[in-house]
Amino acid sequence: QVQLVESGGGLVQAGGSLRLSCAASGRTFSDYNMGWFRQAPRKEREFVAAINWSGSSTYYADSVRGRFTLSRDNAKDTVYLEMNSLKPEDTAVYYCAATGYYNNIASRSGYDYWGQGIQVTVSS
């Protein structure tokens with residue numbers, strides 16, 4: 001089992017920045033590719049970004065590419081989502097997820113483990 005705990009969410013004004021962290025425990029962190037998803041009220045959970053086990057490859061949803069940056073520190077068992085130029089439409093609960101496979105990285109079904117989620121609210 002892998003346990004994932006998100007932190008760093010909160011309320012920010014449009015145009016501002018936040019950094020989300022996801023700390024992992026339970027298994028060897030570098031065995032897993034990591035992803036972030038988000039779910040706004042009355043909407044489906046959607047893919048945001050993913051990073052492979054080593055950090056050498058990242059993939060972003062079109063809606064966040066150029067504004068969000070995903071990175072990881074395998075020595076600290078943590079992945080970071082730096083969010084800049086935030087917009088009200090970025091408001092959602094953000095979820096960290098882990099998977100042993102990179103071939104289905106943008107799909108919810110590609111992930112085995114999920115965090116509990118953390119709220120990000122962007123005011124206009």
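Residues: numbered from 1 along the sequence shown. What you see is a predicted model, and the numbers here were worked out from it, not measured in a lab.
Rounding to the nearest 0.5 angstrom, the gap separating the OG atom in Ser17 from the CD atom in Glu82 is 6.0 Å. How far CG of Asn84 is from CZ of Arg19: 11.5 Å, rounded to the nearest 0.5 Å. Distance check, rounded to the nearest 0.5 Å: OG of Ser54 to CG of Asn74 gives 8.0 Å. Considering CZ of Arg27 and CG of Asp77, their distance stands at 13.5 Å, rounded to 0.5 Å. Here the CD1 atom belonging to Ile51 is positioned 8.0 Å from the OG atom belonging to Ser56, to the nearest 0.5 angstrom. The structure places CG of Asn52 at 11.0 Å from OG of Ser30, a figure rounded to the nearest 0.5 Å.
Tyr94 is not listed as a side-chain neighbour of Gln39, based on a closest heavy-atom distance of 4.5 Å or more. Within the 4.5 Å cutoff, side-chain heavy atoms of Leu11 are placed close to those of Ser123. Contact annotation: the side chain of Trp36 approaches that of Leu20 to within less than 4.5 Å [non-hydrogen atoms, C-beta and beyond]. Using a 4.5 Å heavy-atom threshold, the side chains of Tyr113 and Gln3 count as separate.
Counting all heavy atoms, side chain and backbone alike, Pro88 lies closest to Ala14 at CD-CB, 4.1 Å. Pairing each heavy atom of Asn33 with each of Tyr101, the nearest pair is ND2-C, 3.3 Å. Nearest heavy atom pair, residue Ser109 against residue Asn104, reads OG-ND2, 3.3 Å. For the pair Thr58 and Leu70, the tightest heavy-atom approach, listed with the atom from each and the gap, is CG2-O, 3.7 Å. The two residues Val79 and Met34 have their closest heavy-atom pair at CG1-CE, 4.1 Å. Residues Glu6 and Gly115 approach most closely at OE2-CA, 3.3 Å, considering heavy atoms.
Taking hydrophobic clusters as Ile, Leu, Val, Met, Phe, Trp and Tyr residues chained together by side-chain heavy-atom distances below 4.5 Å, Trp53 does not share a cluster with Val2. In this structure, Val12 is a member of the same hydrophobic cluster as Val64, with clusters built from ILVMFWY side-chain heavy atoms closer than 4.5 Å. Linking ILVMFWY side-chain heavy atoms closer than 4.5 Å, directly or via other members, places Leu4 and Val120 in a single hydrophobic cluster.
Side-chain atoms of Thr91 and Glu89 form no donor-acceptor pair, as typed in the model, at a separation below 3.5 Å. Side-chain contact check for Thr78 and Asp73: no donor-acceptor pair (N or O, by modelled atom type) lies under 3.5 Å.
Cation-pi contact between Arg72 and Phe29: present, with separation from the ring centre below 6.0 Å and deviation from the ring axis of at most 45°. Stacking of Arg45 on the aromatic ring of Tyr95 is recorded, both the 6.0 Å distance cut-off and the 45° axial limit being met.
When the side-chain contact (heavy atoms from CB on, under 4.5 Å) test is applied to Glu46, the partners found at least two apart in sequence or on another chain are Arg38. Shown here are the side-chain contact (heavy atoms from CB on, under 4.5 Å) partners of Asp112, two or more places apart in sequence or in another chain: Thr99.
Relative orientation of the Phe37 and Tyr111 rings is perpendicular, given thresholds of 30° and 60° on the angle between their planes.
The pair Asp90-Lys87 does not meet the salt-bridge criterion, since no charged nitrogen lies less than 4.0 angstrom from a carboxylate oxygen.
Summarising the local packing, OH of Tyr59 is surrounded by 12 or fewer heavy atoms from other residues, nucleotides or ligands at distances under 6.0 Å.
Residues Tyr60 and Phe47 keep their aromatic ring centres 6.0 Å or farther apart.
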